[in-house]
Number of protein chains: 2
Amino acid sequence: MKAWNAYAADCPTRFALDRITDKWTVLLLGLLADGPQRFNALLRQVSGLSQKVLSQTLKRLERDGLVHRKAFATVPVTVEYSITPLGAALSGSLKALIVWAESNIESVLTAQARYDAEKAATV
Amino acid sequence: MKAWNAYAADCPTRFALDRITDKWTVLLLGLLADGPQRFNALLRQVSGLSQKVLSQTLKRLERDGLVHRKAFATVPVTVEYSITPLGAALSGSLKALIVWAESNIESVLTAQARYDAEKAATV
DNA sequence: CAGCATCCTTGTCGATACTG
DNA sequence: CAGTATCGACAAGGATGCTG
């Protein structure tokens with residue numbers, strides 16, 4: 001049992017943390033946690049996400065073992081993405097981030113307005 | 001009560017999510033959740049973090065109301081950063097990400113090795 | 001001590017076009 | 001349908017030097 005430490009720059013956990021702290025990762029795992037989805041279905045649900053970045057993100061998630069990719073030999077081909085147990089263990093915490101954002105956005109916006117007003121007053 | 005939705009590109013929650021899903025934000029709020037810290041103390045504890053980025057990140061966190069900055073009129077000046085109630089409400093979920101990373105990194109590394117091996121075999 | 005200003009190298013992303 | 005390939009714009013980040 002090694003002592004992993006995300007505060008060390010060269011620790012592998014740092015790379016992992018870098019991956020899971022990604023806007024698209026959070027949103028995608030949030031969707032996949034509720035059930036398998038197809039490529040274009042994911043693309044449609046996450047507004048602002050390009051096909052290229054979705055492709056990259058899914059590939060990374062698959063490589064990290066957070067998402068499973070299953071291709072069906074239909075014509076045209078059908079691909080289904082699903083969350084793995086490893087990814088499921090993480091999705092709860094990620095969903096909490098979305099919930100926090102949606103619950104506290106008004107406080108954040110208020111804080112920003114106050115901050116900007118103070119800065120403007122100083123200058 | 002508005003219906004905020006982080007899956008919409010133009011929703012303010014999307015910007016907030018983008019901010020909190022940042023490697024440095026996660027690590028810094030994780031530290032500040034345990035008590036106030038000075039600028040250079042934070043810099044020393046987070047390996048790989050440059051002074052410039054720390055400065056930027058703290059400023060954003062302060063603007064968003066997640067962190068409080070307090071300057072003491074000493075010579076030379078002393079500055080203490082502390083977490084706000086708003087930030088504290090988030091820090092638990094962020095810490096969970098660090099815990100997940102440190103707990104599951106071996107599974108991730110294993111998955112990566114398997115993935116890379118399969119790709120190499122195909123080519 | 002706690003920053004800011006500057007240069008410069010990277011990589012990240014959007015847009016577009018094409019394929020099995 | 002589910003991608004890959006390529007280009008170009010842009011911004012984040014590291015290195016360095018300076019300051020109240």
Side-chain angles (χ1 to χ4, degrees), chain A residues 7-10 14-15 17-28 31-32 36-64 67-82 115 118-119 122-123, chain B residues 7-10 14-15 17-28 31-32 36-64 67-82 115 118-119 122-123:
Chain A
Y7 286 91
D10 55 350
R14 177 65 72 85
F15 296 103
L17 189 62
D18 211 4
R19 285 284 151 67
I20 64 181
T21 58
D22 173 74
K23 186 174 43 176
W24 306 123
T25 295
V26 173
L27 294 171
L28 288 173
L31 287 176
L32 291 175
Q37 301 258 4
R38 306 252 296 273
F39 186 90
N40 280 314
L42 292 168
L43 195 57
R44 274 191 303 272
Q45 289 173 85
V46 184
S47 158
L49 173 59
S50 72
Q51 180 203 48
K52 175 186 167 185
V53 173
L54 174 59
S55 177
Q56 285 178 351
T57 305
L58 286 173
K59 208 175 291 183
R60 280 200 287 247
L61 291 175
E62 187 195 357
R63 187 173 110 96
D64 291 346
V67 155
H68 179 67
R69 179 184 185 276
K70 173 156 185 157
F72 297 89
T74 53
V75 179
V77 66
T78 301
V79 178
E80 189 182 81
Y81 289 91
S82 56
Y115 182 93
E118 283 175 12
K119 289 294 164 183
T122 308
V123 178
Chain B
Y7 287 91
D10 56 350
R14 177 65 72 83
F15 296 103
L17 189 63
D18 210 4
R19 284 282 152 69
I20 64 180
T21 58
D22 172 74
K23 188 175 40 178
W24 306 124
T25 296
V26 173
L27 294 171
L28 289 173
L31 288 176
L32 291 176
Q37 301 257 4
R38 308 251 298 273
F39 185 89
N40 279 314
L42 292 169
L43 194 57
R44 275 191 304 272
Q45 290 172 83
V46 184
S47 159
L49 175 59
S50 74
Q51 176 216 45
K52 176 184 167 184
V53 174
L54 174 58
S55 178
Q56 286 178 351
T57 306
L58 287 173
K59 206 175 292 182
R60 281 200 286 248
L61 291 176
E62 188 196 355
R63 187 172 110 96
D64 291 347
V67 155
H68 179 67
R69 179 183 186 276
K70 174 158 184 153
F72 297 90
T74 54
V75 179
V77 66
T78 302
V79 178
E80 189 182 83
Y81 288 92
S82 56
Y115 182 92
E118 281 175 13
K119 288 294 164 181
T122 308
V123 179

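Convention: sequence-line order gives letters A, B, ...; per-chain numbering from 1. Atoms considered below: every heavy atom in the structure, side chains included; atoms not considered: hydrogens, waters and symmetry mates.
Of the candidate nucleotides C:dC4, D:dA2, C:dC13, C:dC13 has the atom lying nearest to any side-chain atom of A:V53. The listed nucleotides are D:dA2, D:dT4, D:dT6; the one nearest the side chain of A:K52 is D:dT6. Nearest to the side-chain atoms of B:P76 among the listed nucleotides C:dC4, D:dG3, C:dC1 stands C:dC1. The side chain of B:S50 sits closest to D:dG14 out of D:dG3, D:dG14, C:dC13. The listed nucleotides are C:dA2, D:dG13, D:dG3; the one nearest the side chain of B:R38 is C:dA2. Between C:dG14, D:dG14, C:dG20, one nucleotide has an atom nearer to the side chain of A:V77 than all others, and that is C:dG20.
Among the atoms of the strands shown, none is found under 4.0 Å from any heavy atom of B:K23. Contacts of A:F72 with the nucleic acid, taken as non-hydrogen atoms under 4.0 Å apart, are absent.
Rounded to an integer number of Å, the gap from CZ of A:R14 to P of D:dG13 is 12 Å. Distance, B:N40 CG to C:dA2 P: 5 Å, rounded to whole Å. At whole-Å resolution of the value, CG in A:D18 and P in D:dG13 are 9 Å apart. Counting to the nearest Å, the P atom of C:dA2 and the NZ atom of B:K59 are 15 Å from each other. The distance between atom CG of A:L42 and atom P of D:dA2, rounded to the nearest whole Å, is 9 Å. B:Q37 places its CD atom 15 Å from the P atom of C:dC1, with the value rounded to the nearest Å. In this structure, A:F39 places its CZ atom 18 Å from P of C:dT19, rounding to the nearest Å. Rounded to a whole Å, the CD atom of A:Q56 is 13 Å from the P atom of D:dG3.
Note on B:Y81: every side-chain N or O is 4.0 Å or more away from OP1 and OP2 of C:dC1. In this model, the phosphate group of D:dA2 is not approached by any side-chain N or O of A:R69 to a distance below 4.0 Å at OP1 or OP2. Close to C:dC4, at under 4.0 Å from its OP1 or OP2, lies a side-chain N or O of B:S55.
Between A:Y115 and B:R63 the shortest heavy-atom distance is CD2-CG, 3.4 Å. Scanning all heavy atoms of the two residues, the minimum distance from A:F72 to A:V77 falls at O-CG2, 3.4 Å.
For the atom pair CG of A:L28 and CG of A:L49, the computed distance is 6.0 Å after rounding to the nearest 0.5 Å.
Between the side chain of B:E62 and the backbone N or O of B:L58, no donor-acceptor pair lies under 3.5 Å. For B:Y81 (side chain) and B:F39 (main-chain N/O), no donor-acceptor pair under 3.5 Å exists by modelled atom type.
Of the two residues contacting DNA chain D, namely A:L58 and B:W24, the nearest-nucleotide position lying further toward the 5' end is that of A:L58.
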